[in-house]
Amino acid sequence: MHNFEFVKPGTVAEAAAALTGEEAQALGGGQTLLPTMKQRLAAPETLVSLNGIAEMKGVCSNDAGEICVGGGTPHAVVSRETASSYPALSKLAGMIGDPAVRNRGTIGGSLANNDPAACYPAGVLGSGATIVTNTREIAADDYFQGMFTTALEEGEILTEVRFPVPEKADWQKFLQPASRFSLVGVFVAKFADGVRVAVTGASEDGVFRWSEAEAALSADFSAGAIAGLSVPADGMISDLHGTGAYRASLVKTLTSRAVSGA
Amino acid sequence: MPKDGGIGASSKRREDVRFLTGRGRYTDDINLNNQTYAWFLRSEVAHGTINAIDTSAAEAMDGVVKVFTARDFEGVGGVPCGWQVTDRFGNPMKEPKHPVLAEGKVRHVGDPIAVVVAESEAQARDAAEAIAVDITELPAVMDMKAALADGATKVHDDLDDNLCYDWGFVEENREAVDAAIAEAAHVTTLELTNNRLVANPMEPRVAVGDFNPGTEDYTLYTTSQNPHVIRLLMGAFVLGIPEHKLRVIAPDVGGGFGSKIYHYAEEAFVTFASAQVRRPVKWTSTRSEAFISDAHGRDHVTKIELAMDADHNFTALRCDTYANMGAYLSTFAPSIPTWLHGTLLAGNYRTPLIYTNVKAVFTTTTPVDAYRGAGRPEATFQLERVIDKAARELGVDPAELRRKNFIKPEEFPYQTPVAVVYDTGNYHATLDKGLEMAGVDTFEARCAESAANGKLRGLGIAHFIEACGIAPSNLVGQLGARAGLYESATVRVNATGSISVMTGSHSHGQGHETAFPQVVAEMLGIDEGMVEVVHGDTANTPMGMGTYGSRSIAVGGSAMVRATEKIINKAKKIAAHLLEASEADIELADGQFSVAGTDKSVAWGDVTLAAYVPHNYPLEDIEPGLEETAFYDPSNFTYPSGAYICEVEVDPDTGKVEVLGFTAADDFGNVINPMIVEGQVHGGVAQGIGQALLENCAYDENGQLLSGSYMDYTMPRADDLPMFEVDHSCITPCTHNPLGVKGCGEAGAIGSPPAVVNAVIDALHRGGHTHVTHIDMPLTPSRVWAAINGQ
Ligand SMILES: Cc1cc2nc3c(=O)[nH]c(=O)nc-3n(C[C@H](O)[C@H](O)[C@H](O)COP(=O)(O)OP(=O)(O)OC[C@H]3O[C@@H](n4cnc5c(N)ncnc54)[C@H](O)[C@@H]3O)c2cc1C
């Protein structure tokens, strides 16, 4: 790890100002950034810790009935706080990494990073959540723009995520055996106006919605409704842990399990 | 009643108190005054010609003491190989130079090119990044068969090709085996790979070199399973330092699994560099470095054919193996696919004719050497897989097919057709025991339960044998070992009766500090707390060969027995003098020397005190003091064996395998500490399940390691494993060592992989996927799914 400056502002505004500095980078739980720095793959000059910003922490609900998760909230807290209000989200957060990762890593860090095998992107896209930053609100459908790419601008801070609560939902995660990230993960949410199916881990373009399944499930929310569908292997990630064809097959298997589990 | 001390007692591992409370003292805990730090600049390409190395920028950087390249090692030897294999034409293997730092060429990702020695590790690393290396990349040499093709790129330009040796065993049987296979009523053929593994001990390697300019003595602190072997190899072959000027200390060692047997370039580097910079030099491997610089294990590609007569008696076995050596020959690498593999191909069976051909191949990968089991897991895996496949083809019960061909209890000692003589064994007993423990009679009901949940259940059996307690020096010398394989012990009885046992073996987690005292204490009838083991330091232990090949209790323990016998003999003389009796009448029991048939006795402590305060002492007959050394060289290997039974459930939709049950019924001969033995089996089985289902050291075609961190290399974790059922009550003691012990360190890793794979194949067949005859390890969900779906 190279030397760096460290600042820990107390408000979003101060953090945003600090992030305008040369080679400054936001630090959430550090569960992605610190290993990268240790390997000398990243070398920010200033780390702006978001961990001292009270307004970015915790889970509450708003007048629209949405669950609002502060961008600096660790996975363990999300899992605990949403256990009864949004069990599928709680399940997702509770299955990320190990206890140390869940107690340090934050939803903001995970979504800003947008690892193609990360779990939250599926939960956020599957819920049709809204990403709130220090400057604007971004719909989930506009936020994820491919592997490790998001709508966030340089220095923009993800301050909150607002989840509408579906009638039914479930999260199915198939573990990549080594890292235990999602080899494939599927989040299915049934709302009054339709079903959303979001898939992580599978596509070379990052998290995506399986629209054919959404249409079929919106008409008939049962595992049988997608029995005749299949996911093309084209564009699926192929690596040591699974071929594209395998991942495509998992997408369908996990989707039907999520429907049954919802 | 379980004993509460001595041989057979489950004494708690005394070393664990310090290991588990953070008070162990490992090599990285050693920090010497005025110490410098080394950082290795390693090749990022698998193969290339080094055109130029510019160290000038690095040398000018803060804190840099000196930058080393191959130029600094002119006149220094290469890292030696400790075993020479003779090929089937009578020629010695090819033995290319393994320079401490790359000379002219890099041959694998991780090959060290230069080293910066600096005031801090961070400064050394910064400076290493400033070294400019101009490399012309050459094609990587990855596939073993392609590497042997005409015109293949050569790893070593000074060799004719990439073949290290072409070995045949038993060469005289070659034609007879071919004929028997041609005539057989049934031949089962299987092609398989034994996957390359990374040892991944919890403690990465560390080396600290300390040259003393005053005495011109060298001390090397290193993470080693065998400090004397390192002293010999590095002193005699690399740096030219005589033993009396070189001390090698391996303090607590946090696991090794074989990977800390070998002499590594980094050890030679820090020792050499310390004299150059005249300050201590320390190197601590990062985990990433460990993946590319610790010797890897396994990596065989094999075709095996098993011939049977109409009654299903095995008539012949033929095995063709390609064994990956990596870029250079690691210390014992050539012996693994040959003598530690070919001699085990009889397994537990009466197969009369066996021939194995092994082609050892150089590739542009990290060197491969022994890893827990070393050659014996490869032999066991192919044998137990092909037998399972044969049973399926013949439609017979795999247990029955094994029983039919087992060597019978009354046939021991048994001369196999592959040189070795098994002294004892009872394979029927261990198989019956294992099947009973595994509850095979109720297996069908469990199958039905799984089926009701959409899962496929399967049962896999394997029965292994291993040759361990490595072993007779005269024999291994004939086989090409450049070292003897005896072991040593000095039993130093102190004046007040406490005992220090100095042994040439060295624990890297096995629990020697607990088990060895049990032996000595039992023989003397004293409390085992009075006995302490001293190991890991060439300055205060007799020359010994270290710990690997499940040899420490069988060979090292035997040396300890011999030394303790000498102690008893001398102590009886002293006691006879003190008791004014004849030596022949002295009996030792419960720490008391008594005169047979009388109530006259003298306590252990009085005798030991007399030895060191010899006021009333037979000085005319014996010397004062009570300290004896013995070197023990066994007359044969030992042959543990056992039945391993695995029960799995496969999710046919995802291909995920869950291990639901695992039974190990072993014959380890006599057992010194049952709890430690169980722990060794647990660890070994965990590693075996890891190899079978999870671990895969994979390279891409350019020689880049795809599984170079724990993000991609799957270590077995507790939740990947079931509770193990372990038994070692079927005992046929070893006949040729004084303890009747066989060794237990590797068994788990040897017997378990075929049991797991057999279970998965069984599950798939029960589920109707009968087209699947084999899946290569690791049986990842993706591979199992692909096999089910014919992809
Ligand atoms: C062992 C291990 C296992 C893991 N397993 C999983 C898993 O199963 N599933 C999974 O999804 N993830 C997993 N992770 C990743 C984990 O969830 C991380 O916590 C997460 O990806 C990053 O969150 P963080 O708060 O640690 O971010 P950091 O590492 O601090 O930062 C990551 C990136 O996000 C930026 N950033 C951080 N916070 C914000 C913000 N509020 N606004 C804008 N930018 C920000 C940083 O500048 C940086 O670029 C694992 C990590 C580890 C170490």
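Side chains are part of it too, since the values below use all heavy atoms of this structure and drop only hydrogens, waters and symmetry mates. Numbers restart at 1 for each chain; the letters A, B, ... are given by sequence-line order, proteins then strands. Being a predicted model, the structure only gives us computed values, none of them experimental.
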Aromatic contact, B/Trp283 with B/Tyr37 (centres under 6.0 Å): no
Among the listed options B/Glu129, B/Met715, B/Arg125, the residue most often paired with chain A at heavy-atom distances under 4.5 Å: B/Arg125
Best-contacting candidate, B/Asp126, B/Leu706, B/Leu693, against chain A by heavy atom pairs under 4.5 angstrom: B/Asp126
Any residue of residues 775-791 of chain B which, by heavy atoms, sits under 4.5 Å from chain A: B/Pro781, B/Ser782, B/Trp785, B/Gln791
Atom pair CG/OG1 of B/Asp299 and B/Thr365 - distance to nearest 0.5 Å: 6.5 Å
Crowding at CG, A/Asp98 (>12 non-hydrogen neighbours, <6.0 Å): yes
Side-chain H-bond candidate by donor/acceptor type, B/Ser120 with B/Gln123, under 3.5 Å: yes
Polar side-chain atom of B/Thr193 near backbone of B/Asn195 as donor-acceptor pair, under 3.5 Å: no
Per-residue contact mode, B/Asp700 against chain A (heavy atom under 4.5 angstrom): neither
Do any side-chain atoms of residues 113-123 of chain A form donor-acceptor pairs under 3.5 angstrom with protein atoms, and if so which ones, sequence neighbours left out?
residue	atom	partner	partner atom	Å
A/Asn114	ND2	A/Gly146	O	3.1
A/Asn114	ND2	A/Thr149	O	3.0
A/Asp115	OD1	A/Ala117	N	2.8

Under 3.5 Å: donor-acceptor pair, side chain of A/Lys91, backbone of A/Trp171: yes
Top of B/Asp720, B/Asn696, B/Leu694, B/Thr654 for chain A proximity - count of heavy-atom pairs under 4.5 angstrom: B/Thr654
Side-chain heavy-atom pair B/Trp39, B/Val117 within 4.5 angstrom cut-off: no
Proximal component of A/Arg247, with respect to chain B [non-hydrogen, under 4.5 Å]: neither
B/Asp294 side chain reached by B/His296 side chain, heavy atoms, under 4.5 Å: no
Segment of A/Gln176 engaging chain B (4.5 angstrom heavy-atom cut-off): side chain
